[in-house]
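See below for the structure under consideration.
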Amino acid sequence: MFRVDPDSFKQPAPAIDQLPSALDRPRLISHDIYRHSRYGPKHPLSIPRVSTAVDLIRALGWLPDDQFVEGRIATDDELVWFHDPDYLAALKRVQTTQHATDDDRHRYNLGRMENPVFPEMFDRPATACGSSIMAAQMLRDGGVVHHVAGGTHHGRKARASGFCYLNDPVFAILALCRQGLSKIAYVDLDAHHGDGVQDAFHDDHRVFTISLHEQGRWPQTGALDDRAGGLARNIPLPKKLHDAEFTHVVTQAVIPLLQAWQPEALVIQGGCDTLADDPMSGLALTNNSYWQAIASLLPLSPRILMLGGGGYNPWTLARAWAGVWGVIMKCEMPSILPPAAEDILRQVSWQHRLAKNAPAHWFTTLVDPASEERPIRDEIKYAVEQTLAS
């Protein structure tokens with residue numbers, strides 16, 4: 001069992017000028033809580049995710065010590081920027097007692113299969129929130145920060161939702177707003193609609209949200225014509241979406257929208273459950289198009305906050321997220337992994353009922369085999385046209 005020091009909640013958050021700036025070099029944020037914490041053996045998030053990705057990045061020699069920043073837990077004063085105090089109190093109590101009452105289940109959606117009771121059920125998401133706030137603050141002068149464990153985009157103001165007890169992307173955006181920024185873009189690449197973030201900023205003219213997600217996938221929101229308060233675009237994607245189609249959507253819809261908006265800061269939710277071998281979606285991307293999309297978004301704002309998100313295959317996820325940092329650092333992707341990196345992937349165990357047999361290249365390479373060229377379906381072209389329509 002891993003516990004964050006409870007006294008850390010009582011400490012004031014560090015001043016912005018006490019944090020390293022991302023302007024001189026990209027920064028990567030993580031925390032050891034993700035090495036030890038699991039949602040439970042039967043949960044899709046029982047797999048090692050963040051720690052494996054960071055270990056793989058280190059094994060590749062891509063993470064100098066002075067570019068790594070240890071995350072922190074959010075303070076009570078910060079968490080009420082968005083979340084209801086009664087909900088926060090309930091979440092802390094259930095973590096302490098390891099028991100959710102009927103009222104907790106019905107009112108707060110705690111203790112259900114999607115949001116189970118586990119030892120770090122408050123500490124873990126609160127650390128993601130504190131780290132996202134830190135990341136936003138390190139972008140005060142510009143640059144790129146990669147918060148690998150961020151991206152819990154379903155969390156609601158007073159309710160857990162979709163494996164997300166709190167909503168760290170909301171805190172990142174609020175921290176950027178508190179710096180005086182008035183044009184912030186949020187691009188969600190996860191297979192599931194970024195509903196919690198869109199709804200949090202429904203009427204906020206400072207925040208433009210764009211979500212690419214699988215059509216018909218939980219939470220069954222984010223229709224093509226859903227523009228929330230006006231500053232939202234949703235692009236539902238059909239099953240078996242392939243690389244050429246994804247690239248078409250990014251280059252022909254997302255990039256033009258961002259170029260028109262000219263964001264002072266861009267927050268990217270980098271869920272990689274869009275990849276072909278992820279058990280929680282029906283999309284069929286390789287990590288090539290995933291990285292290409294992120295690379296094309298990086299030049300579009302002086303401040304980039306790269307978050308994690310969904311991803312339920314431990315090998316494809318670790319390779320994808322390690323590659324994201326490689327894209328940020330402009331590293332050459334290795335054709336064959338060095339032995340230390342291969343060892344990290346071979347140590348991963350996936351016992352869940354959704355587990356897939358691992359082919360050899362998941363252990364020996366970072367880059368997926370190139371996908372075959374296929375035509376772009378008319379429904380993709382139509383979605384792009386409608387997205388750009390005023």
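Along the sequence shown, residues are numbered consecutively beginning with 1. As the structure is a computational prediction, the values presented were derived from the model and not from experiment.
With a 6.0 Å cutoff to the six-membered ring centre and a 45° limit on the axis angle, Arg346 does not count as a cation-pi contact of Trp362. By the 6.0 Å and 45° rule, Arg156 does not stack over the aromatic ring of Phe82.
Other residues, nucleotides and ligands place more than 12 heavy atoms under 6.0 Å from the CD atom of Gln259. Counted within 6.0 Å of CZ on Phe68, heavy atoms from surrounding residues, nucleotides or ligands total more than 12; the atom is thus considered enclosed.
With a 4.5 Å cut-off on side-chain heavy atoms, Ser349 and Gln351 count as touching.
The pair Arg206-Asp203 does not count as a salt bridge, with every side-chain nitrogen at least 4.0 angstrom from each carboxylate oxygen. Arg374 and Asp243 are not joined by a salt bridge, as no carboxylate oxygen comes within less than 4.0 angstrom of a charged side-chain nitrogen. Taking a cutoff of 4.0 Å between a charged side-chain nitrogen and a carboxylate oxygen, Glu214 and Lys240 do not qualify as a salt bridge. Salt-bridge formation is detected for the pair Asp55/Arg35: a Lys NZ or Arg NE/NH1/NH2 atom is positioned less than 4.0 Å from an Asp or Glu carboxylate oxygen. Between Lys157 and Asp199, none of the side-chain N atoms (NZ, or NE/NH1/NH2) sits under 4.0 Å from a carboxylate O, so this pair counts as no salt bridge.
Here CH2 of Trp291 is found 12.5 Å from CD1 of Ile328. Values are rounded to the nearest 0.5 Å. To the nearest 0.5 Å, the span separating CZ on Arg27 from CG on Asp66 amounts to 6.5 Å. Note: Leu337 CG to Leu56 CG = 6.5 Å, rounded to the nearest 0.5 Å. To the nearest 0.5 angstrom, Arg112 atom CZ is 11.5 Å from Ser161 atom OG. A distance of 8.0 Å separates CD1 in Ile73 from CG in Leu79, rounded to the nearest 0.5 Å. Gln198 CD to Ile210 CD1: the interatomic distance, rounded to the nearest 0.5 Å, is 11.5 Å.
Cluster membership check: Trp62 shares its hydrophobic cluster with Val144, using side-chain heavy-atom separations under 4.5 Å among Ile, Leu, Val, Met, Phe, Trp and Tyr. Both Val254 and Ile376 are part of a single hydrophobic cluster, where members link through side-chain heavy atoms under 4.5 Å apart. Linking Ile, Leu, Val, Met, Phe, Trp and Tyr residues whenever their side-chain heavy atoms come within less than 4.5 Å places Leu166 and Val80 in a single cluster. One hydrophobic cluster, built from ILVMFWY side chains closer than 4.5 Å, holds both Leu317 and Met333. The hydrophobic clustering, which links ILVMFWY residues whose side-chain heavy atoms are closer than 4.5 Å, places Ile16 and Met138 apart.
Residues Arg72 and Met134 approach most closely at CG-SD, 3.3 Å, considering heavy atoms. Considering all non-hydrogen atoms of both residues, Leu283 and Leu241 come closest at CD2-CB, 3.8 Å. Of all non-hydrogen atoms in Pro41 and Ser46, the two that sit nearest each other are O-OG, 3.8 Å.
Side-chain atoms of Gln179 come within 3.5 Å of backbone N or O of Ala136 as a donor-acceptor pair.
Taking the six-membered ring where the residue is Trp, His83 and Phe171 present tilted rings, their angle falling between 30° and 60°. Classified by interplanar angle (parallel below 30°, tilted 30° to 60°, perpendicular above 60°), the ring pair Tyr87/Tyr108 is tilted.
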Between Arg93 and Asp104, does the salt bridge (Lys or Arg N to Asp or Glu O under 4.0 Å) criterion hold? Intermediate values first, please.
CA-CA 10 Å; Arg93 172 177 47 75; Asp104 295 327; 2.8 Å; yes
Any chance you could lay out the salt bridge (Lys or Arg N to Asp or Glu O under 4.0 Å) test for Arg159 and Asp84, step after step, and finish with the verdict?
CA-CA 9 Å; Arg159 187 174 175 85; Asp84 185 89; over 6 Å; no
Steps toward side chain to side chain contact (heavy atoms under 4.5 Å, CB included) verdict (His153, Asp188)
CA-CA 9 Å; His153 57 169; Asp188 196 310; 2.6 Å; yes
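Proximity of the aromatic rings of His43 and Phe163 is defined here by a centroid distance below 6.0 angstrom, and this criterion is met. If you look at Trp218 and His213, their ring centroids are not closer than 6.0 Å.
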